[in-house]
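Letters A, B, ... are given to chains in the order of the sequence lines, protein chains preceding strands, and every chain is numbered from 1. What you see is a predicted model, and the numbers here were worked out from it, not measured in a lab. Values below: all heavy atoms of this structure, side chains included; hydrogens, waters and symmetry mates excluded.
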There are 2 protein chains.
Amino acid sequence: MKEGPDIAQIGALIGDPARANMLTALMGGRALTATELAEVGGITLQTASTHLSKLEAGGLLAQRKQGRHRYFALADDGVGKLLENIMGFAATRGHLRHRPGPKEPALRKARICYDHLAGDYGVRMLDSLIASGAISALDDGLSLTERGETQLTSIGIDVTGLRSTRRPLCRSCLDWSERRAHLAGSLGKALLSNFFDKGWARRTENSRSILFTSEGERRFLALFPIEAGEMDRG
Amino acid sequence: MKEGPDIAQIGALIGDPARANMLTALMGGRALTATELAEVGGITLQTASTHLSKLEAGGLLAQRKQGRHRYFALADDGVGKLLENIMGFAATRGHLRHRPGPKEPALRKARICYDHLAGDYGVRMLDSLIASGAISALDDGLSLTERGETQLTSIGIDVTGLRSTRRPLCRSCLDWSERRAHLAGSLGKALLSNFFDKGWARRTENSRSILFTSEGERRFLALFPIEAGEMDRG
DNA sequence: TTCATACTTCGATCGTAACCGAAGCATCGA
DNA sequence: TCGATGCTTCGGTTACGATCGAAGTATGAA
(Lines give C-alpha, C1' and ligand atoms only; values in the text may rest on other atoms or scores of the structure.)
Protein backbone atom coordinates (compact mmCIF):
# COMPACT_ATOMS: atom_id res chain seq x y z
CA MET A 1 0.00 0.00 0.00
CA LYS A 2 2.60 2.49 1.04
CA GLU A 3 4.16 2.82 -2.37
CA GLY A 4 5.90 5.64 -4.09
CA PRO A 5 6.06 9.35 -3.49
CA ASP A 6 3.67 11.00 -1.09
CA ILE A 7 1.31 13.20 -3.05
CA ALA A 8 -0.73 13.91 0.07
CA GLN A 9 1.95 16.13 1.58
CA ILE A 10 2.13 18.56 -1.29
CA GLY A 11 -1.59 18.28 -1.84
CA ALA A 12 -2.10 19.40 1.72
CA LEU A 13 0.42 22.21 1.33
CA ILE A 14 -1.39 23.53 -1.70
CA GLY A 15 -4.81 22.66 -0.33
CA ASP A 16 -5.04 25.46 2.20
CA PRO A 17 -6.70 28.58 0.73
CA ALA A 18 -4.31 31.02 2.36
CA ARG A 19 -1.29 29.09 1.13
CA ALA A 20 -2.78 28.67 -2.31
CA ASN A 21 -3.30 32.41 -2.56
CA MET A 22 0.30 33.06 -1.58
CA LEU A 23 1.60 30.56 -4.09
CA THR A 24 -0.59 32.01 -6.81
CA ALA A 25 0.74 35.46 -6.01
CA LEU A 26 4.30 34.16 -6.26
CA MET A 27 3.49 32.79 -9.70
CA GLY A 28 3.90 36.40 -10.72
CA GLY A 29 7.61 35.62 -10.64
CA ARG A 30 8.85 38.24 -8.25
CA ALA A 31 9.82 37.61 -4.65
CA LEU A 32 7.52 38.98 -1.97
CA THR A 33 8.00 39.69 1.71
CA ALA A 34 6.17 37.87 4.46
CA THR A 35 4.05 40.94 5.10
CA GLU A 36 2.99 41.21 1.49
CA LEU A 37 2.16 37.54 1.38
CA ALA A 38 0.12 37.83 4.56
CA GLU A 39 -1.88 40.48 2.75
CA VAL A 40 -2.61 38.41 -0.34
CA GLY A 41 -3.44 35.45 1.87
CA GLY A 42 -5.88 37.51 3.87
CA ILE A 43 -4.33 36.52 7.18
CA THR A 44 -2.21 38.03 9.91
CA LEU A 45 1.53 38.09 9.81
CA GLN A 46 1.87 35.41 12.47
CA THR A 47 -0.28 32.97 10.58
CA ALA A 48 1.49 33.76 7.34
CA SER A 49 4.82 33.09 8.99
CA THR A 50 3.68 29.63 10.00
CA HIS A 51 2.43 28.90 6.51
CA LEU A 52 5.62 30.14 4.92
CA SER A 53 7.82 27.92 7.05
CA LYS A 54 5.69 24.94 6.12
CA LEU A 55 5.92 25.77 2.44
CA GLU A 56 9.66 26.20 2.74
CA ALA A 57 10.07 22.94 4.63
CA GLY A 58 8.02 21.28 1.93
CA GLY A 59 10.43 22.50 -0.74
CA LEU A 60 7.96 24.79 -2.46
CA LEU A 61 9.46 28.08 -1.44
CA ALA A 62 12.91 29.52 -1.00
CA GLN A 63 13.64 32.53 1.13
CA ARG A 64 16.33 35.14 0.92
CA LYS A 65 17.16 37.45 3.80
CA GLN A 66 17.76 41.02 2.88
CA GLY A 67 18.20 43.33 5.82
CA ARG A 68 15.21 42.92 8.05
CA HIS A 69 13.09 41.75 5.15
CA ARG A 70 12.58 38.18 4.18
CA TYR A 71 11.79 37.66 0.56
CA PHE A 72 9.99 34.53 -0.46
CA ALA A 73 9.86 33.10 -3.96
CA LEU A 74 8.98 29.80 -5.60
CA ALA A 75 11.86 27.42 -4.94
CA ASP A 76 12.55 26.87 -8.65
CA ASP A 77 10.66 26.67 -11.92
CA GLY A 78 9.72 23.09 -11.15
CA VAL A 79 7.32 24.53 -8.62
CA GLY A 80 5.99 27.03 -11.14
CA LYS A 81 5.47 24.25 -13.62
CA LEU A 82 3.63 22.17 -11.05
CA LEU A 83 1.32 25.02 -10.10
CA GLU A 84 0.61 25.82 -13.73
CA ASN A 85 -0.25 22.21 -14.23
CA ILE A 86 -2.67 22.16 -11.37
CA MET A 87 -4.19 25.42 -12.50
CA GLY A 88 -4.70 24.01 -15.96
CA PHE A 89 -6.35 20.98 -14.51
CA ALA A 90 -8.49 23.01 -12.13
CA ALA A 91 -9.68 25.15 -15.03
CA THR A 92 -10.83 22.13 -17.02
CA ARG A 93 -12.85 20.94 -14.04
CA GLY A 94 -14.44 24.32 -13.48
CA HIS A 95 -12.73 24.95 -10.17
CA LEU A 96 -12.66 28.70 -10.49
CA ARG A 97 -12.38 30.98 -7.55
CA HIS A 98 -15.71 32.68 -7.62
CA ARG A 99 -15.08 36.35 -7.48
CA PRO A 100 -14.69 37.17 -11.15
CA GLY A 101 -13.70 40.75 -10.48
CA PRO A 102 -13.01 43.49 -12.99
CA LYS A 103 -9.47 42.23 -13.47
CA GLU A 104 -10.64 38.93 -14.85
CA PRO A 105 -10.89 40.09 -18.50
CA ALA A 106 -7.44 41.68 -18.32
CA LEU A 107 -6.15 38.45 -16.86
CA ARG A 108 -7.64 36.45 -19.67
CA LYS A 109 -6.15 38.76 -22.25
CA ALA A 110 -2.55 38.75 -21.09
CA ARG A 111 -0.94 37.67 -17.85
CA ILE A 112 2.35 36.41 -16.56
CA CYS A 113 2.61 32.70 -15.99
CA TYR A 114 5.60 32.40 -13.69
CA ASP A 115 7.96 33.97 -16.22
CA HIS A 116 6.30 33.84 -19.61
CA LEU A 117 3.27 35.25 -21.40
CA ALA A 118 -0.09 33.57 -21.00
CA GLY A 119 -3.72 34.29 -21.76
CA ASP A 120 -5.24 35.16 -25.11
CA TYR A 121 -2.08 36.90 -26.25
CA GLY A 122 0.15 34.05 -25.12
CA VAL A 123 -1.91 31.54 -27.05
CA ARG A 124 -2.03 33.83 -30.07
CA MET A 125 1.73 34.20 -30.04
CA LEU A 126 2.30 30.48 -30.08
CA ASP A 127 -0.34 29.92 -32.73
CA SER A 128 1.28 32.50 -34.91
CA LEU A 129 4.77 31.10 -34.40
CA ILE A 130 3.51 27.69 -35.41
CA ALA A 131 1.58 29.03 -38.39
CA SER A 132 4.60 30.91 -39.69
CA GLY A 133 6.78 27.82 -39.37
CA ALA A 134 8.99 29.28 -36.66
CA ILE A 135 8.03 26.56 -34.24
CA SER A 136 6.97 23.09 -35.19
CA ALA A 137 4.44 21.29 -33.06
CA LEU A 138 4.75 17.57 -32.69
CA ASP A 139 2.76 14.92 -30.94
CA ASP A 140 3.71 16.32 -27.60
CA GLY A 141 6.07 19.21 -27.58
CA LEU A 142 7.47 22.06 -29.51
CA SER A 143 10.68 22.65 -31.37
CA LEU A 144 12.25 25.81 -32.76
CA THR A 145 12.99 25.57 -36.48
CA GLU A 146 15.96 27.15 -38.27
CA ARG A 147 13.60 29.64 -39.78
CA GLY A 148 12.28 30.47 -36.33
CA GLU A 149 15.78 30.90 -34.99
CA THR A 150 16.52 33.44 -37.72
CA GLN A 151 13.26 35.25 -37.14
CA LEU A 152 13.60 35.51 -33.39
CA THR A 153 17.26 36.48 -33.52
CA SER A 154 16.27 39.34 -35.80
CA ILE A 155 13.95 40.78 -33.17
CA GLY A 156 16.67 40.63 -30.55
CA ILE A 157 16.39 37.20 -28.91
CA ASP A 158 19.73 35.55 -28.14
CA VAL A 159 18.70 32.07 -29.22
CA THR A 160 22.18 30.56 -29.16
CA GLY A 161 22.65 31.94 -25.65
CA LEU A 162 19.40 30.33 -24.54
CA ARG A 163 20.45 27.03 -26.09
CA SER A 164 23.48 26.90 -23.78
CA THR A 165 21.35 26.88 -20.64
CA ARG A 166 20.08 23.70 -19.06
CA ARG A 167 16.49 24.74 -19.26
CA PRO A 168 14.55 23.51 -22.30
CA LEU A 169 14.08 26.09 -25.03
CA CYS A 170 10.47 25.40 -25.88
CA ARG A 171 7.84 24.04 -23.62
CA SER A 172 4.13 24.06 -24.04
CA CYS A 173 2.02 25.05 -21.11
CA LEU A 174 -1.72 24.61 -20.93
CA ASP A 175 -3.46 27.93 -20.61
CA TRP A 176 -6.28 27.73 -18.08
CA SER A 177 -8.29 30.58 -19.56
CA GLU A 178 -7.93 29.62 -23.20
CA ARG A 179 -7.66 25.89 -22.59
CA ARG A 180 -5.02 25.73 -25.27
CA ALA A 181 -1.25 25.79 -25.16
CA HIS A 182 0.99 28.79 -24.90
CA LEU A 183 4.78 28.96 -25.05
CA ALA A 184 6.86 28.41 -21.91
CA GLY A 185 10.50 27.41 -21.50
CA SER A 186 13.49 29.69 -21.74
CA LEU A 187 12.29 31.00 -25.09
CA GLY A 188 8.92 31.95 -23.63
CA LYS A 189 10.68 33.77 -20.85
CA ALA A 190 13.04 35.56 -23.25
CA LEU A 191 10.19 36.71 -25.45
CA LEU A 192 8.31 38.25 -22.55
CA SER A 193 11.47 39.98 -21.28
CA ASN A 194 11.96 41.26 -24.80
CA PHE A 195 8.52 42.88 -24.76
CA PHE A 196 9.23 44.48 -21.41
CA ASP A 197 12.62 45.75 -22.57
CA LYS A 198 11.10 47.29 -25.66
CA GLY A 199 8.49 49.00 -23.55
CA TRP A 200 5.65 47.21 -25.29
CA ALA A 201 4.18 46.03 -22.03
CA ARG A 202 4.61 46.16 -18.29
CA ARG A 203 3.54 44.24 -15.25
CA THR A 204 0.86 45.48 -12.89
CA GLU A 205 1.47 45.97 -9.21
CA ASN A 206 -0.95 43.65 -7.51
CA SER A 207 -2.01 41.31 -10.22
CA ARG A 208 -0.58 38.82 -12.65
CA SER A 209 -2.10 40.63 -15.57
CA ILE A 210 0.14 42.32 -18.11
CA LEU A 211 -0.69 45.72 -19.56
CA PHE A 212 0.28 46.45 -23.14
CA THR A 213 0.78 50.03 -24.30
CA SER A 214 -1.29 50.90 -27.37
CA GLU A 215 1.86 51.13 -29.47
CA GLY A 216 3.18 47.87 -27.98
CA GLU A 217 -0.10 46.14 -28.62
CA ARG A 218 -0.10 47.28 -32.24
CA ARG A 219 3.41 46.00 -32.77
CA PHE A 220 2.76 42.75 -30.95
CA LEU A 221 -0.31 42.00 -33.05
CA ALA A 222 1.60 42.87 -36.22
CA LEU A 223 4.49 40.63 -35.23
CA PHE A 224 2.24 37.70 -34.43
CA PRO A 225 -0.60 37.81 -36.94
CA ILE A 226 -3.38 35.28 -37.05
CA GLU A 227 -4.18 33.82 -40.42
CA ALA A 228 -7.69 33.97 -41.74
CA GLY A 229 -9.81 30.97 -40.91
CA GLU A 230 -7.88 30.25 -37.81
CA MET A 231 -10.08 32.18 -35.44
CA ASP A 232 -12.47 29.37 -34.79
CA ARG A 233 -9.98 26.87 -33.49
CA GLY A 234 -10.06 25.52 -29.99
CA MET B 1 -6.31 38.69 -5.39
CA LYS B 2 -8.99 36.22 -6.32
CA GLU B 3 -7.55 35.44 -9.69
CA GLY B 4 -7.68 32.40 -11.84
CA PRO B 5 -8.41 28.79 -11.13
CA ASP B 6 -8.62 27.52 -7.60
CA ILE B 7 -5.70 25.26 -6.95
CA ALA B 8 -6.67 24.99 -3.28
CA GLN B 9 -9.69 22.83 -4.02
CA ILE B 10 -7.81 20.10 -5.79
CA GLY B 11 -4.90 20.50 -3.44
CA ALA B 12 -7.25 19.78 -0.57
CA LEU B 13 -8.79 16.84 -2.39
CA ILE B 14 -5.38 15.27 -2.92
CA GLY B 15 -4.07 16.45 0.42
CA ASP B 16 -5.90 13.96 2.57
CA PRO B 17 -3.85 10.80 3.17
CA ALA B 18 -6.76 8.43 2.76
CA ARG B 19 -7.82 10.05 -0.51
CA ALA B 20 -4.23 10.19 -1.74
CA ASN B 21 -3.89 6.47 -1.10
CA MET B 22 -7.05 5.74 -3.02
CA LEU B 23 -5.96 7.89 -5.94
CA THR B 24 -2.55 6.27 -5.97
CA ALA B 25 -4.19 2.88 -6.03
CA LEU B 26 -6.34 3.95 -8.97
CA MET B 27 -3.19 4.98 -10.81
CA GLY B 28 -2.91 1.26 -11.37
CA GLY B 29 -5.41 1.87 -14.15
CA ARG B 30 -8.11 -0.55 -13.20
CA ALA B 31 -11.38 0.45 -11.62
CA LEU B 32 -11.85 -0.54 -7.98
CA THR B 33 -14.93 -0.90 -5.81
CA ALA B 34 -15.66 1.30 -2.83
CA THR B 35 -14.84 -1.57 -0.51
CA GLU B 36 -11.45 -2.16 -2.10
CA LEU B 37 -10.67 1.52 -1.94
CA ALA B 38 -11.66 1.68 1.70
CA GLU B 39 -9.10 -1.04 2.29
CA VAL B 40 -6.24 0.73 0.55
CA GLY B 41 -7.19 3.94 2.30
CA GLY B 42 -7.11 2.24 5.66
CA ILE B 43 -10.58 3.49 6.58
CA THR B 44 -14.07 2.11 7.00
CA LEU B 45 -16.50 1.84 4.18
CA GLN B 46 -18.60 4.76 5.39
CA THR B 47 -15.67 7.12 5.47
CA ALA B 48 -14.47 5.92 2.10
CA SER B 49 -17.89 6.55 0.64
CA THR B 50 -17.75 10.17 1.78
CA HIS B 51 -14.28 10.61 0.33
CA LEU B 52 -15.30 9.06 -2.94
CA SER B 53 -18.25 11.36 -3.39
CA LYS B 54 -16.00 14.34 -2.77
CA LEU B 55 -13.48 13.12 -5.30
CA GLU B 56 -16.23 12.54 -7.81
CA ALA B 57 -17.76 15.95 -7.21
CA GLY B 58 -14.31 17.43 -7.68
CA GLY B 59 -14.02 15.80 -11.08
CA LEU B 60 -11.18 13.48 -10.17
CA LEU B 61 -13.09 10.23 -10.24
CA ALA B 62 -15.80 8.68 -12.34
CA GLN B 63 -18.00 5.87 -11.15
CA ARG B 64 -19.71 3.12 -12.98
CA LYS B 65 -22.49 1.09 -11.44
CA GLN B 66 -22.37 -2.58 -12.13
CA GLY B 67 -24.95 -4.58 -10.30
CA ARG B 68 -24.59 -3.82 -6.63
CA HIS B 69 -20.97 -2.86 -7.09
CA ARG B 70 -19.78 0.64 -7.72
CA TYR B 71 -16.54 0.81 -9.61
CA PHE B 72 -14.45 3.92 -9.28
CA ALA B 73 -11.70 4.98 -11.68
CA LEU B 74 -9.78 8.12 -12.47
CA ALA B 75 -12.09 10.40 -14.43
CA ASP B 76 -9.77 10.53 -17.46
CA ASP B 77 -6.10 10.44 -18.27
CA GLY B 78 -5.84 14.12 -17.44
CA VAL B 79 -6.18 13.09 -13.84
CA GLY B 80 -3.55 10.41 -14.25
CA LYS B 81 -1.23 12.91 -15.84
CA LEU B 82 -1.80 15.35 -13.00
CA LEU B 83 -1.09 12.76 -10.34
CA GLU B 84 2.03 11.59 -12.14
CA ASN B 85 3.17 15.16 -12.25
CA ILE B 86 2.68 15.65 -8.56
CA MET B 87 4.39 12.35 -7.84
CA GLY B 88 7.36 13.39 -9.92
CA PHE B 89 7.53 16.64 -8.06
CA ALA B 90 7.13 14.99 -4.68
CA ALA B 91 9.95 12.60 -5.50
CA THR B 92 12.35 15.42 -6.32
CA ARG B 93 11.57 17.04 -2.97
CA GLY B 94 12.09 13.82 -1.08
CA HIS B 95 8.47 13.46 -0.04
CA LEU B 96 8.49 9.71 0.06
CA ARG B 97 6.04 7.73 2.06
CA HIS B 98 8.31 6.14 4.58
CA ARG B 99 7.58 2.49 4.59
CA PRO B 100 9.97 1.27 1.94
CA GLY B 101 8.68 -2.26 2.03
CA PRO B 102 9.92 -5.26 0.11
CA LYS B 103 7.94 -4.22 -2.92
CA GLU B 104 9.88 -1.02 -3.36
CA PRO B 105 12.65 -2.52 -5.52
CA ALA B 106 10.08 -4.26 -7.72
CA LEU B 107 8.27 -0.98 -8.03
CA ARG B 108 11.41 0.79 -9.12
CA LYS B 109 12.15 -1.87 -11.68
CA ALA B 110 8.84 -1.93 -13.49
CA ARG B 111 5.45 -0.60 -12.57
CA ILE B 112 2.29 0.61 -14.22
CA CYS B 113 1.84 4.34 -14.46
CA TYR B 114 -1.89 4.75 -15.10
CA ASP B 115 -1.75 2.77 -18.33
CA HIS B 116 1.86 2.59 -19.45
CA LEU B 117 5.18 1.17 -18.34
CA ALA B 118 7.28 3.09 -15.82
CA GLY B 119 10.30 2.50 -13.64
CA ASP B 120 13.73 1.35 -14.73
CA TYR B 121 12.29 -0.69 -17.58
CA GLY B 122 10.07 2.13 -18.75
CA VAL B 123 13.00 4.53 -18.88
CA ARG B 124 15.15 1.94 -20.61
CA MET B 125 12.54 1.34 -23.25
CA LEU B 126 12.29 5.02 -24.13
CA ASP B 127 16.07 5.43 -24.10
CA SER B 128 16.41 2.53 -26.44
CA LEU B 129 13.70 3.76 -28.78
CA ILE B 130 15.44 7.12 -28.98
CA ALA B 131 18.87 5.57 -29.45
CA SER B 132 17.64 3.39 -32.29
CA GLY B 133 16.02 6.36 -33.99
CA ALA B 134 12.48 5.09 -33.59
CA ILE B 135 11.52 8.11 -31.56
CA SER B 136 13.08 11.52 -31.86
CA ALA B 137 13.37 13.65 -28.77
CA LEU B 138 13.05 17.37 -29.15
CA ASP B 139 13.30 20.28 -26.79
CA ASP B 140 10.20 19.15 -25.05
CA GLY B 141 8.40 16.25 -26.45
CA LEU B 142 8.67 13.12 -28.46
CA SER B 143 7.78 12.18 -31.96
CA LEU B 144 7.56 8.81 -33.67
CA THR B 145 9.73 8.57 -36.77
CA GLU B 146 8.91 6.64 -39.93
CA ARG B 147 11.53 4.13 -38.97
CA GLY B 148 9.92 3.78 -35.57
CA GLU B 149 6.52 3.29 -37.14
CA THR B 150 7.86 0.45 -39.23
CA GLN B 151 9.63 -1.12 -36.28
CA LEU B 152 6.68 -0.97 -33.93
CA THR B 153 4.21 -2.16 -36.54
CA SER B 154 6.42 -5.19 -37.05
CA ILE B 155 6.06 -6.20 -33.40
CA GLY B 156 2.29 -5.91 -33.59
CA ILE B 157 1.44 -2.33 -32.68
CA ASP B 158 -1.35 -0.80 -34.75
CA VAL B 159 0.28 2.60 -35.17
CA THR B 160 -2.11 3.90 -37.80
CA GLY B 161 -5.01 2.90 -35.59
CA LEU B 162 -3.51 4.80 -32.68
CA ARG B 163 -3.01 7.85 -34.86
CA SER B 164 -6.73 8.04 -35.49
CA THR B 165 -7.54 8.51 -31.81
CA ARG B 166 -7.72 11.90 -30.19
CA ARG B 167 -5.10 11.06 -27.63
CA PRO B 168 -1.51 12.08 -28.46
CA LEU B 169 0.67 9.26 -29.69
CA CYS B 170 3.83 10.05 -27.74
CA ARG B 171 4.06 11.80 -24.45
CA SER B 172 6.93 11.93 -22.08
CA CYS B 173 6.24 11.40 -18.44
CA LEU B 174 8.70 12.09 -15.66
CA ASP B 175 9.54 8.92 -13.79
CA TRP B 176 9.65 9.54 -10.05
CA SER B 177 11.99 6.69 -9.26
CA GLU B 178 14.41 7.22 -12.12
CA ARG B 179 13.94 10.97 -12.33
CA ARG B 180 14.05 10.68 -16.08
CA ALA B 181 11.41 10.42 -18.74
CA HIS B 182 9.54 7.33 -19.85
CA LEU B 183 7.02 6.93 -22.64
CA ALA B 184 3.36 7.73 -22.07
CA GLY B 185 0.58 8.54 -24.54
CA SER B 186 -1.41 6.09 -26.58
CA LEU B 187 1.78 4.49 -27.84
CA GLY B 188 3.03 3.91 -24.32
CA LYS B 189 -0.27 2.28 -23.48
CA ALA B 190 -0.25 0.13 -26.59
CA LEU B 191 3.26 -1.12 -25.90
CA LEU B 192 2.41 -2.21 -22.40
CA SER B 193 -0.76 -3.95 -23.58
CA ASN B 194 1.37 -5.64 -26.19
CA PHE B 195 3.67 -7.06 -23.50
CA PHE B 196 0.69 -8.29 -21.54
CA ASP B 197 -0.86 -9.87 -24.62
CA LYS B 198 2.34 -11.69 -25.46
CA GLY B 199 2.56 -12.99 -21.91
CA TRP B 200 5.85 -11.28 -21.28
CA ALA B 201 4.57 -9.65 -18.13
CA ARG B 202 1.56 -9.38 -15.88
CA ARG B 203 0.19 -7.08 -13.24
CA THR B 204 0.27 -7.90 -9.57
CA GLU B 205 -2.83 -7.98 -7.41
CA ASN B 206 -2.27 -5.34 -4.79
CA SER B 207 0.51 -3.28 -6.17
CA ARG B 208 1.36 -1.18 -9.16
CA SER B 209 4.46 -3.22 -9.83
CA ILE B 210 4.68 -5.31 -12.98
CA LEU B 211 6.16 -8.79 -12.97
CA PHE B 212 8.04 -9.98 -16.02
CA THR B 213 8.38 -13.67 -16.74
CA SER B 214 11.97 -14.76 -17.25
CA GLU B 215 11.29 -15.37 -20.92
CA GLY B 216 9.48 -12.05 -21.24
CA GLU B 217 12.28 -10.23 -19.52
CA ARG B 218 14.84 -11.76 -21.87
CA ARG B 219 12.83 -10.73 -24.91
CA PHE B 220 12.11 -7.28 -23.60
CA LEU B 221 15.77 -6.59 -22.90
CA ALA B 222 16.72 -7.91 -26.34
CA LEU B 223 14.09 -5.76 -28.02
CA PHE B 224 15.20 -2.64 -26.19
CA PRO B 225 18.95 -2.87 -25.85
CA ILE B 226 21.05 -0.21 -24.20
CA GLU B 227 24.10 0.89 -26.12
CA ALA B 228 27.48 0.76 -24.46
CA GLY B 229 28.49 3.95 -22.74
CA GLU B 230 24.94 4.89 -22.09
CA MET B 231 24.67 3.34 -18.68
CA ASP B 232 25.95 6.36 -16.82
CA ARG B 233 23.42 8.86 -18.02
CA GLY B 234 20.98 10.59 -15.85
C1' DT C 1 21.39 53.21 23.58
C1' DT C 2 16.86 53.48 22.30
C1' DC C 3 13.10 53.06 19.38
C1' DA C 4 10.91 51.19 15.19
C1' DT C 5 10.23 47.74 11.85
C1' DA C 6 10.09 42.95 10.18
C1' DC C 7 9.44 38.73 11.43
C1' DT C 8 9.18 34.33 14.50
C1' DT C 9 7.64 31.58 18.39
C1' DC C 10 4.41 30.50 22.07
C1' DG C 11 -0.02 29.50 23.87
C1' DA C 12 -4.74 29.13 23.60
C1' DT C 13 -9.05 29.08 20.98
C1' DC C 14 -11.97 27.54 17.63
C1' DG C 15 -13.91 25.43 13.30
C1' DT C 16 -13.83 22.17 10.16
C1' DA C 17 -13.56 17.83 8.45
C1' DA C 18 -12.23 13.10 9.12
C1' DC C 19 -14.02 9.38 11.35
C1' DC C 20 -17.12 5.59 12.78
C1' DG C 21 -21.60 3.29 14.58
C1' DA C 22 -26.06 2.70 13.24
C1' DA C 23 -29.66 2.92 10.24
C1' DG C 24 -31.37 3.22 5.48
C1' DC C 25 -31.47 2.07 0.49
C1' DA C 26 -30.50 -0.76 -3.59
C1' DT C 27 -29.39 -4.98 -5.94
C1' DC C 28 -28.84 -9.80 -6.27
C1' DG C 29 -29.74 -14.75 -5.36
C1' DA C 30 -32.77 -18.14 -3.65
C1' DT D 1 -40.63 -12.67 -0.49
C1' DC D 2 -36.63 -12.93 2.32
C1' DG D 3 -32.00 -12.59 3.51
C1' DA D 4 -27.35 -11.26 2.13
C1' DT D 5 -24.23 -8.06 0.16
C1' DG D 6 -22.58 -3.44 -1.32
C1' DC D 7 -22.91 0.99 -0.54
C1' DT D 8 -24.86 5.64 1.19
C1' DT D 9 -26.72 8.78 4.62
C1' DC D 10 -27.25 10.43 9.31
C1' DG D 11 -25.64 11.85 13.78
C1' DG D 12 -22.35 12.59 17.12
C1' DT D 13 -17.48 12.51 18.53
C1' DT D 14 -12.89 13.69 18.04
C1' DA D 15 -8.62 15.43 16.48
C1' DC D 16 -5.98 18.29 13.81
C1' DG D 17 -4.56 22.53 12.11
C1' DA D 18 -5.63 27.29 10.99
C1' DT D 19 -5.98 31.32 13.39
C1' DC D 20 -4.60 35.26 16.27
C1' DG D 21 -2.94 37.84 20.64
C1' DA D 22 1.05 38.39 23.07
C1' DA D 23 5.69 37.95 23.86
C1' DG D 24 10.33 37.26 21.93
C1' DT D 25 14.26 37.92 18.41
C1' DA D 26 16.74 40.28 14.78
C1' DT D 27 17.96 44.22 11.96
C1' DG D 28 18.18 49.01 11.00
C1' DA D 29 17.78 53.91 12.04
C1' DA D 30 18.33 57.84 15.13
May I ask you to say whether B/E217 pairs ionically with B/K109, meaning some side-chain N is under 4.0 Å from a carboxylate O? yes
Salt bridge (charged side-chain N to carboxylate O under 4.0 Å, His left out) pairs touching residues 69-78 of chain A, sequence neighbours excluded, are A/D76-B/R93, A/D77-A/R167
The side chain to side chain donor-acceptor pair (under 3.5 Å) partners of B/T44 (sequence neighbours excluded) come to B/Q46, B/T47
Protein-proximity profile, nucleotides 25-30 of chain C, B/S/- by nucleotide at the 4.0 Å heavy-atom cutoff, equals --BB--
Closer than 3.5 angstrom, by distance alone: can the side chain of A/T213 be matched with the main-chain N or O of A/W200 as a donor-acceptor pair? yes
Rounded to whole Å, the CG-P distance (B/L55 to C/dA17) equals 14 Å
In whole angstroms, the gap separating P of C/dT9 from CD of A/E56 amounts to 11 Å
- Judged by atom type as modelled, is there a donor-acceptor pair below 3.5 Å linking the side chain of A/R111 to the main-chain atoms of A/G122? no
B/N21 atom CG is separated from C/dA18 atom P, nearest whole Å, by 14 Å
Scoring nucleotides 8-18 of chain D by protein non-hydrogen atoms under 4.0 Å (B base, S sugar-phosphate only, - none) yields BB--------S
- Do B/K198 and B/N194 have a side chain donor and acceptor closer than 3.5 Å? yes
Sequence neighbours excluded, the answer for salt bridge (charged side-chain N to carboxylate O under 4.0 Å, His left out) partners of A/R219 is A/E215
Can you give me every donor-acceptor pair (side chain of residues 25-34 of chain B, partner residue at least two apart or in another chain, under 3.5 Å) with its distance?
unit_1: B/T33; atom_1: OG1; unit_2: B/E36; atom_2: N; d: 3.2
unit_1: B/T33; atom_1: OG1; unit_2: B/E36; atom_2: OE1; d: 3.3

